[in-house]
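Written out below as structure tokens is the structure these notes cover.
The figures here come from the full heavy-atom set of this structure, side chains too, leaving out hydrogens, waters and symmetry mates. Keep in mind that this is a model prediction, so the values were computed, not measured.
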Amino acid sequence: MYAIVEIAGQQFKVEAGRKIFVNRLKGDKGDAVEFTKVLLTDAEGTVKIGAPYVEGVVVKATIVDHLRADKVKVFKKTRRKGYQKLNGHRQCLTQILINEIA
């Protein structure tokens with residue numbers, strides 16, 4: 001069984017027992033979180049599509065860790081003008097473990 005869930009403004013395909021990285025969530029390590037914005041569920045070939053969300057379905061998860069992603073370097077340059085600019089960015093992430101889709 002899997003579900004398509006909206007978490008922190010992005011859509012993720014989740015299954016029970018899987019770990020995923022999402023944008024930073026409020027809460028401490030070990031806290032339980034629930035996501036009610038379920039867009040689609042598939043239980044052994046039976047597909048339910050929400051309009052916009054499937055009613056009565058909740059995805060329960062646990063916060064595993066808060067961390068930061070690898071650094072992304074953004075380099076801008078204009079040829080023959082002497083313009084160069086280098087910026088870096090590290091995204092704040094939360095790793096969650098999907099416990100069940102109920």
> Going only through I, L, V, M, F, W and Y residues with side-chain contacts under 4.5 Å, is there a path from F12 to V38?
Replying inline: yes
>> If you compare all heavy atoms of A69 against all heavy atoms of L93, which two are closest, and at what distance to 0.1 Å?
In response: CB-CD1, 3.7 Å
> Going from CZ on R90 to CG on L67, what distance comes out if it is rounded to the nearest 0.5 angstrom?
Replying inline: 9.0 Å
>> Using every non-hydrogen atom in the two residues, find where R24 and R68 come nearest and quote the distance to one decimal.
In response: NH2-CG, 4.4 Å
> With the 4.5 Å side-chain cut-off for hydrophobic clustering, are V57 and L40 part of the same group?
Replying inline: no
> If Ile, Leu, Val, Met, Phe, Trp and Tyr residues are connected whenever their side-chain heavy atoms lie under 4.5 Å apart, and connections chain through other members, are V59 and I20 in the same group?
Replying inline: yes
> NZ/K71 to CG/N87 distance, rounded to the nearest 0.5 angstrom?
Replying inline: 9.5 Å
>> Consider side-chain contact (heavy atoms from CB on, under 4.5 Å). Of V47, I49, I4, which one does D42 pass it with?
In response: V47
Review item, side-chain donor-acceptor pairs of residues 94-102, under 3.5 Å, at least two apart:
residue: T94; atom: OG1; partner: L25; partner atom: N; Å: 3.0
residue: T94; atom: OG1; partner: H66; partner atom: ND1; Å: 3.1
residue: N99; atom: ND2; partner: T62; partner atom: OG1; Å: 2.6

> Which pair of heavy atoms, one from P52 and one from L39, lies closest together, and at what distance?
Replying inline: O-CD2, 3.4 Å
> Would M1 end up clustered with V14 when hydrophobic side chains under 4.5 Å apart are linked, directly or stepwise?
Replying inline: yes
> Does a sphere of radius 6.0 Å around CZ in R18 hold more than 12 heavy atoms from other residues, nucleotides or ligands, not counting ones at 6.0 Å or beyond?
Replying inline: no
>> Just verifying a value: how many Å separate K76 NZ and Q84 CD, rounded to the nearest 0.5 Å?
In response: 13.5 Å
